[in-house]
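For reference, the structure discussed in these notes is given below.
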Amino acid sequence: MKLRLKLWEPYLLIAPAILILLAFFAYPLLQGLKLAFMHYILFEPNDVRFSGLENFKAILTDNNIVRILWNSLLWVVLTVGLQFVLGFILAQALNTKFRGKNIYQSVVFLPWAVSAFLIGMIFKWMFSEQNGLINYLLIKLGIVEKGISFLALPGISIFPIIIAMVWYGVPFFGIMLLAALQSVPKDIYESADIDGAGRWTKLFFVTIPFIKSTIILTVLLRVIWVFNSADLIYIMTNGGPANTSHNLSSYIFNQISYTTDFGQASALGVLMLIILILYTLIFLLATKYDDAGDF
């Protein structure tokens, strides 16, 4: 009896975690996959039925889908790219010793502690046409004669949201990359100095290769988080004007809120899942994460 308990002990210990994953991940995922193949509109309770690929056909014929996919690509590339570059510069700056470093560090990491709702409201006011800070400065500098409706211009409205998202996410890369930079042995830089390596040589041949695993993992996770993010879009523009600032994630919420078509929204969710799985596989293969060392 004791031997049997000993054999089953590891499985019993991880059982609570498995049950939580099944309850909060596997079950919703399976339900979402099921709804993707059903005609399920909330206000048509008597017409719930299996519809095959109708929801996916509706997605392909949706006039907004090309714009939504382009916005999603633009949203992820610009947001994560700028967050990474600025976060890396921030981490490099904080990895040196200077007076008041702790105070400065606490200030620059502050956005990560602020709620997305508050950030969205702040940037919505900043880009307001009537009394926004951005328009006020542009008028005072003589760049424009009257305020620009940044959040109401098709093709332009998504960029203020990207700026807000960049400001929000820079501390994430700053924190993670700073921790990685502090783990780089000092004697490696001393050896590079002896060999006559310059600043850029040390950056590309010492620093980046040493923290490669951290860079890969943080970029991988941040792309997934940003791709799934919809809160700032809803707060600042609600996807407008005419769906021109929606990404795929916010468009799904829009489908649920305004059409109550859970079937088509679930099909869009399946599309998101496929895109993220393909991205993860291609990204890990392209970056050769297995050869990058331990995190």
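Here the structure is a predicted model, which means the values were calculated and not measured.
Annotation: side chain of Ile158 is not in contact with side chain of Thr244 (no heavy-atom distance under 4.5 Å). By the 4.5 Å heavy-atom criterion applied to side chains, Ile68 and Asn247 are not counted as neighbours. Put simply, the side chain of Tyr40 does not reach to within 4.5 Å of the side chain of Ser51, judged on heavy atoms. For the pair Phe173/Val219, a side-chain contact is recorded, criterion being any heavy-atom separation below 4.5 Å from C-beta on. Between Leu78 and Phe159 there is a side-chain heavy-atom pair separated by less than 4.5 Å. No side-chain heavy atom of His246 sits less than 4.5 Å from a side-chain heavy atom of Arg67. Looking at heavy atoms from C-beta onward, Asn55 lies out of side-chain contact with Ser266 at the 4.5 angstrom threshold. Side chains of Leu60 and Ile65 form no contact here, defined as non-hydrogen atoms less than 4.5 Å apart.
The CD atom of Glu54 sits 10.5 Å away from the CD atom of Gln264 when rounded to the nearest 0.5 Å. Here CG of Leu177 is found 9.0 Å from CD of Gln92. Values are rounded to the nearest 0.5 Å. Between Leu153 atom CG and Glu129 atom CD the span is 8.5 Å, to the nearest 0.5 Å. Between atom CD1 of residue Ile59 and atom CG of residue Leu248 there is a gap of 8.5 Å, rounded to the nearest 0.5 Å. Atom-to-atom distance recorded for Thr207:OG1 and Asn95:CG is 8.5 Å, nearest 0.5 angstrom. A distance of 7.5 Å separates CD1 of Ile233 from OG of Ser249, quoted to the nearest 0.5 Å.
Linking ILVMFWY side-chain heavy atoms closer than 4.5 Å, directly or via other members, places Phe253 and Leu273 in two distinct hydrophobic clusters. Phe24 and Leu35 fall into different hydrophobic clusters, where Ile, Leu, Val, Met, Phe, Trp and Tyr side chains are chained together by heavy-atom contacts under 4.5 Å. The cluster map of Ile, Leu, Val, Met, Phe, Trp and Tyr, joined by side-chain heavy atoms under 4.5 Å apart, puts Ile282 and Leu217 in different clusters. Cluster membership for Tyr234 and Phe150, using ILVMFWY side-chain heavy atoms within less than 4.5 angstrom, is not shared. Linking ILVMFWY residues whenever their side-chain heavy atoms come closer than 4.5 Å, directly or via other members, places Leu118 and Trp167 in the same cluster.
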What verdict does the side chain to side chain donor-acceptor pair (under 3.5 Å) test give for Ser157 and Thr237, after you've listed the backbone C-alpha separation in whole Å, the side-chain angles of each residue and the deciding distance to 0.1 Å? CA-CA 7 Å; Ser157 56; Thr237 65; 5.5 Å; no
Going through the checks in order, is the side-chain contact (heavy atoms from CB on, under 4.5 Å) test met by Leu73 and Leu69? CA-CA 6 Å; Leu73 178 64; Leu69 291 175; over 6 Å; no
Show your reasoning for whether side-chain contact (heavy atoms from CB on, under 4.5 Å) applies to Asn131 and Trp125. CA-CA 7 Å; Asn131 54 3; Trp125 166 76; 4.1 Å; yes
Does Leu276 form a side-chain contact (heavy atoms from CB on, under 4.5 Å) with Asn228? I'd like the steps, not just the answer. CA-CA 10 Å; Leu276 287 176; Asn228 284 313; 3.7 Å; yes
Show, in sequence, the C-alpha distance, side-chain angles and deciding distance for Met236 and Met121, and conclude whether the side-chain contact (heavy atoms from CB on, under 4.5 Å) test is met. CA-CA 7 Å; Met236 293 181 66; Met121 293 302 296; over 6 Å; no
Show your reasoning for whether side chain to side chain donor-acceptor pair (under 3.5 Å) applies to Tyr251 and Asp62. CA-CA 12 Å; Tyr251 192 59; Asp62 187 347; 2.6 Å; yes
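Shown here is Asp47, whose CG atom has more than 12 heavy atoms of other residues, nucleotides or ligands within 6.0 Å. Other residues, nucleotides and ligands contribute at most 12 non-hydrogen atoms within 6.0 Å of the CH2 atom of Trp70. Other residues, nucleotides and ligands place no more than 12 heavy atoms under 6.0 Å from the CD atom of Glu145. More than 12 heavy atoms of other shown residues, nucleotides or ligands fall within 6.0 angstrom of atom OH in Tyr279.
Among Ile119, Val226, Val114, Thr79, the single residue meeting the side chain to side chain contact (heavy atoms under 4.5 Å, CB included) criterion with Tyr168 is Ile119. The only member of Ile122, Leu133, Asn135, Ile163 that meets side chain to side chain contact (heavy atoms under 4.5 Å, CB included) when paired with Phe127 is Ile163.
Remark: Arg222 fails to qualify as a cation-pi partner of Phe84 under the 6.0 Å distance and 45° angle criteria applied to the six-membered ring.
Not less than 6.0 angstrom separates the ring centroid of Trp75 from the ring centroid of Phe227. Aromatic rings from Phe37 and Phe56 are positioned such that their centres are separated by under 6.0 Å.
In terms of modelled atom types and a separation under 3.5 Å, the side chain of Thr259 and the main chain of Asp261 share a donor-acceptor contact.
A pairwise comparison of heavy atoms in Ala58 and Thr61 identifies O-OG1, 3.2 Å as the closest pair. When all heavy atoms of Ala152 and Pro154 are compared, the pair lying nearest together is O-CD, 3.6 Å. Shortest non-hydrogen contact noted between Leu203 and Pro209 is O-CD, 4.3 Å. Scanning all heavy atoms of the two residues, the minimum distance from Val48 to Met38 falls at CG1-CE, 3.5 Å. Pairing each heavy atom of Ile162 with each of Leu74, the nearest pair is CD1-O, 4.2 Å. Between Ile161 and Ser245, the closest heavy-atom pair is CD1-CB, 4.2 Å.
For the residue pair Asn254 and Ser257, no side-chain donor N or O sits within less than 3.5 Å of a side-chain acceptor on the partner.
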